[in-house]
Amino acid sequence: LRWLLQKTWARVNWLFNMRLSFLILLFVSISTFAQTGRTVIDFNKDWQFHLYDSAATDETVSGWTKVDLPHDWSIEGSFSEKHLAGVAGGALPGGFGVYRKVFRLPADAKNKNVFIEFDGVYRNSEVFINGFLVGKRPNGYISFHYDLTSYVRADSNVVVVKGRNVLQPDSRWYTGSGIYRNVGLVL
């Protein structure tokens, strides 16, 4: 009889644990689903780019080039062992580049939080929205996002991304330069 009670108790305990596990899994799934009610807008098209010869800060210069992201400005340069990156770093130039995008928020963005997500910018990036610095990221190998909610307007907005890949050599392999991964606007 003792053996039967132990076996029955073990089975009840197992059923309880399975039901509890199911309820926890259900709760986590519902919570995750509720949080994924966000909209991610592809933000890779229609950027402008300018490569500076020095670390100038004037974004109003002429000579912008239309680019779509991902974009690597170093690969557009000429190969030379005289570049600071050296042969081990790809023998391509680094530099100081600025990206700019003018955009309007969609109509359904009203009363929503607005974020910008970068999957990768190499290197030492600074992100501005409508003239306000929203963040800096020194590392080039990490994704990041910034909350733009307090800075966006219902009409036209301008996001500016500055990247500095000037301290060469900085790696044992080719790093590239610029917004080399996807960008999304998240509502």
Side-chain angles (χ1 to χ4, degrees), residues 40-106 114-153 155-187:
V40 180
I41 299 169
D42 182 350
F43 219 53
N44 289 331
K45 302 288 184 207
D46 301 322
W47 286 77
Q48 296 174 315
F49 173 74
H50 185 78
L51 181 62
Y52 287 93
D53 293 330
S54 64
T57 58
D58 183 13
E59 301 96 78
T60 62
V61 299
S62 60
W64 291 94
T65 304
K66 184 183 179 305
V67 298
D68 291 331
L69 305 179
H71 176 253
D72 174 4
W73 80 67
S74 287
I75 201 71
E76 296 172 352
S78 61
F79 288 93
S80 172
E81 59 187 36
K82 294 180 182 176
H83 288 303
L84 295 177
V87 175
L92 287 165
F96 175 73
V98 178
Y99 294 87
R100 178 174 69 178
K101 181 178 177 83
V102 178
F103 69 98
R104 291 183 178 275
L105 291 176
V114 180
F115 294 87
I116 190 165
E117 288 185 343
F118 293 90
D119 288 345
V121 180
Y122 200 84
R123 164 168 190 121
N124 294 315
S125 65
E126 296 177 332
V127 178
F128 298 82
I129 181 73
N130 298 325
F132 294 97
L133 175 67
V134 292
K136 296 181 180 184
R137 180 66 55 178
N139 191 318
Y141 295 118
I142 192 166
S143 60
F144 57 94
H145 69 273
Y146 297 118
D147 186 350
L148 306 181
T149 308
S150 300
Y151 307 103
V152 291
R153 301 183 286 238
D155 59 347
S156 184
N157 295 282
V158 179
V159 62
V160 173
V161 179
K162 298 179 181 182
R164 291 175 181 82
N165 189 8
V166 294
L167 301 175
Q168 294 288 335
D170 70 343
S171 183
R172 340 179 260 195
W173 51 79
Y174 175 70
T175 60
S177 300
I179 306 176
Y180 67 95
R181 297 266 172 107
N182 292 320
V183 177
L185 192 70
V186 181
L187 306 176

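These numbers come from a predicted model, not from an experiment. One is the number of the first residue; the rest follow in order along the sequence.
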Full working for side chain to side chain contact (heavy atoms under 4.5 Å, CB included) between Val40 and Phe115: CA-CA 9 Å; Val40 180; Phe115 294 87; over 6 Å; no

Full working for side chain to side chain contact (heavy atoms under 4.5 Å, CB included) between Arg100 and His50: CA-CA 9 Å; Arg100 178 174 69 178; His50 185 78; over 6 Å; no

CA sep, side-chain torsions, deciding dist, call: Val98, Trp64, side chain to side chain contact (heavy atoms under 4.5 Å, CB included): CA-CA 9 Å; Val98 178; Trp64 291 94; 3.7 Å; yes

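Shown here are the side chain to side chain donor-acceptor pair (under 3.5 Å) partners of Asp68, two or more places apart in sequence or in another chain: there are none. Not counting sequence neighbours, the partners of Arg153 by the salt bridge (Lys or Arg N to Asp or Glu O under 4.0 Å) test are Asp155. Applying the side chain to side chain donor-acceptor pair (under 3.5 Å) rule to Thr149 yields the partners Asp147; only residues at least two apart in sequence or on another chain are considered. The side chain to side chain donor-acceptor pair (under 3.5 Å) search around Ser125 returns none, not counting sequence neighbours. Take Asn139 and apply the side chain to side chain donor-acceptor pair (under 3.5 Å) test, not counting sequence neighbours, and it matches no residue.
Between Phe128 atom CZ and Tyr99 atom OH the span is 15.5 Å, to the nearest 0.5 Å. With values rounded to the nearest 0.5 angstrom, Phe103 atom CZ is found 9.0 Å from Ile41 atom CD1. With rounding to the nearest 0.5 angstrom, the CD atom of Gln48 is 9.5 Å from the NZ atom of Lys66. One distance of note links CG of Leu148 with CZ of Phe132; it measures 12.5 Å at 0.5 Å rounding.
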Which pairs would a plain distance check flag for residues 176-187, meaning a side-chain donor or acceptor within less than 3.5 Å of a matching protein atom at least two apart in sequence or in another chain?
| residue | atom | partner | partner atom | Å |
| --- | --- | --- | --- | --- |
| Ser177 | OG | Ser74 | OG | 2.6 |
| Ser177 | OG | Asn165 | ND2 | 2.7 |
| Tyr180 | OH | Gly140 | O | 2.5 |
| Asn182 | OD1 | Asn44 | ND2 | 2.9 |

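Between Arg137 and the choices Val161, Asn124, Ile142, the side-chain contact (heavy atoms from CB on, under 4.5 Å) rule is met once, by Ile142.
Looking only at distances, no side-chain donor or acceptor of Lys101 sits under 3.5 Å from a matching main-chain atom of Asn157. The main-chain N or O of Lys136 is found under 3.5 Å from a side-chain atom of Tyr146 such that the two form a donor-acceptor pair.
In this structure, the side chains of Asp72 and Tyr122 stay at 4.5 Å or more apart for every pair of heavy atoms.
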